[in-house]
Amino acid sequence: MIKTIGIIGAGMIGGQVARLSVAAGLNVIICNSRTPDTLISLIQELGSKARAATVSETINESDLVVAAIPLFAYKQLPVAELKGKIVIDTMNYYPSRDGNMAEVQTNKIASSEHFLRFLEGSIVVKTLNNMDFISLLNLARPKSDVERTAMPIACDNEAVAETVAGYLDIIGYDSVYIGTLAESWRAEPTMPAYVLPYRRSTAGGSLVSKKHLQELLSMAVRHAKMFGI
């Protein structure tokens, strides 16, 4: 049972995931590339269910780890400490930010597949990557709400995907299982299911139902410049 979420990265996505998790009654441990004391203001906002920690503490004391860092920084993650952990990969490839990463050719292989090769021994789940940070916070809805938005999940282990789907359900989202990480490109930058459908109608975001998301994912076609929006 997932009770504590560890978040590596306290930027826009990491911060929103922390807010959603705390609001859902989960414990949150969060870290950044600096020291825990640099996260004082965020922890004060989040309240007693959250605390800042080192990277090692965040990993070791959590049931589920969220990697909410820029893709260029993925090799800084401690492989040995993450071994055996479920790791949510929220990362996307943006050459303008990440630089030219020769190993990442998203028109041929999904970025999460590269991440898994590096993070040997972990169970990588691709999700929380296809929505901008404003929509991510604003579109969350209780389970009883008929107007719920869905986000995709990809994982080589379907049972783990179901576990993560349960976490998404708790923080306010339905989900659609894409399949293995090899299929996660369908929700990467420039694909129909990436960012734009979630913010098309209002500043607060736009409902994307499970059915609509499935349609968007089925429309995805790989091309030579799968990055940016």
Side-chain angles (χ1 to χ4, degrees), residues 1-8 13-14 17 20-21 24 26 59 62-69 71 74 77 79-93 104 106-131 136 139-143 148-189 191-195 197-198 208-222 226:
M1 184 176 181
I2 296 174
K3 295 182 178 180
T4 302
I5 306 300
I7 304 172
I8 302 175
I13 294 297
V17 172
L20 291 171
S21 298
L26 298 170
I59 293 169
S62 61
D63 303 311
L64 180 67
V65 178
V66 179
I69 59 177
L71 184 61
Y74 79 91
L77 295 174
V79 176
E81 292 183 68
L82 286 166
K83 190 164 291 188
K85 286 283 188 176
I86 298 173
V87 181
I88 291 180
D89 170 16
T90 72
M91 298 177 285
N92 294 300
Y93 181 40
V104 180
T106 49
N107 62 317
K108 298 177 181 178
I109 181 171
S111 62
S112 57
E113 292 180 276
H114 289 287
F115 185 45
L116 179 62
R117 289 175 180 176
F118 168 75
L119 215 60
E120 184 179 0
S122 300
I123 306 171
V124 173
V125 183
K126 188 73 169 190
T127 193
L128 289 167
N129 70 296
N130 73 318
M131 199 181 300
L136 180 60
L139 290 177
R141 297 288 185 275
K143 192 170 184 176
R148 266 194 139 201
T149 284
M151 64 177 68
I153 292 178
C155 182
D156 294 346
N157 185 319
E158 192 166 353
V160 171
E162 290 178 5
T163 296
V164 174
Y167 165 63
L168 295 181
D169 184 43
I170 291 170
I171 65 172
Y173 286 96
D174 288 337
S175 57
V176 171
Y177 179 58
I178 302 177
T180 65
L181 291 177
E183 294 297 315
S184 64
W185 63 270
R186 295 181 180 277
E188 288 188 330
M191 294 295 103
Y194 187 77
V195 176
Y198 296 94
V208 178
S209 67
K210 292 177 73 171
K211 181 180 178 181
H212 187 198
L213 178 56
Q214 288 169 334
E215 291 170 349
L216 292 170
L217 292 167
S218 69
M219 292 165 55
V221 177
R222 273 184 154 150
M226 288 177 59

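Computation of the quantities below employed the complete heavy-atom set of this structure, encompassing side-chain atoms and omitting hydrogens, waters and symmetry-equivalent molecules.
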Any donor-acceptor pair under 3.5 Å linking the side chain of Y93 with the backbone of P189? no
Residue pair P197 / V208: nearest heavy atoms and the distance that separates them: O-CG2, 3.6 Å
Minimum heavy-atom distance between E215 and S218, given as atom pair plus value: O-OG, 2.7 Å
Checking the side chain of K210 only, and the main-chain atoms of D174 only, is there a donor and an acceptor separated by less than 3.5 Å? no
Could you check whether any side-chain heavy atom of L168 comes within less than 4.5 Å of a side-chain heavy atom of L128, counting everything from C-beta outward? yes
Heavy-atom side-chain proximity of S111 to E188 below 4.5 angstrom: yes
Quick one: pull up CE in M219 and CZ in R186 and give me the separation to the nearest 0.5 Å. 12.0 Å
Any donor-acceptor pair under 3.5 Å linking the side chain of T90 with the backbone of A67? yes
Side chain of S209, backbone of H212: donor and acceptor closer than 3.5 Å? yes
Closest heavy-atom pair, A110 versus L181, reported as atoms and distance to 0.1 Å, is CB-O, 3.6 Å
So, do R148 and K143 sit near enough that their side-chain heavy atoms are less than 4.5 Å apart? yes
Against I8, only a single residue in L77, V66, I88 fulfils side-chain contact (heavy atoms from CB on, under 4.5 Å); can you say which? L77
Nearest heavy-atom pair of P192 and A220: which atoms, and what distance? CD-CA, 3.9 Å
For residues Y74 and D89, is any side-chain donor paired with an opposing acceptor at under 3.5 Å? no
Atom of Y173, atom of T149 and distance for their closest heavy-atom approach: CD2-O, 3.4 Å
How far does OG of S112 sit from CD of E183, to the nearest 0.5 angstrom? 10.5 Å
Could you tell me if the side chain of I69 sits less than 4.5 Å from the side chain of M91, heavy atoms only? yes
Is the shortest side-chain heavy-atom distance between F115 and L71 below 4.5 Å? no
Atom CE in M151, atom OG1 in T127: separation rounded to 0.5 Å? 5.5 Å
Test of understanding: with ring pair (Phe, Tyr, Trp, His ring centres under 6.0 Å), list the residues that count as partners of Y177, not counting sequence neighbours. none
Could you tell me whether a side-chain N or O of T180 sits under 3.5 Å from a main-chain N or O of C155, the two making a donor and an acceptor? no
Heavy-atom side-chain proximity of W185 to I178 below 4.5 angstrom: no
Find out whether L136 and Y198 are in side-chain contact, i.e. whether some heavy atom of one side chain is under 4.5 Å from a heavy atom of the other. no
What distance separates L64 CG from I5 CD1, expressed to the nearest 0.5 Å? 4.5 Å
Can you tell me how far the NZ atom of K3 sits from the CG atom of L26, to the nearest 0.5 Å? 11.0 Å
L116 and K126, any side-chain heavy atoms less than 4.5 Å apart: no
For I109 against H114, the heavy-atom pair lying closest together: CG2-NE2, 3.0 Å
Say you draw a straight line from CG of L217 to CG of N130; how long is it, rounded to the nearest 0.5 Å? 8.0 Å
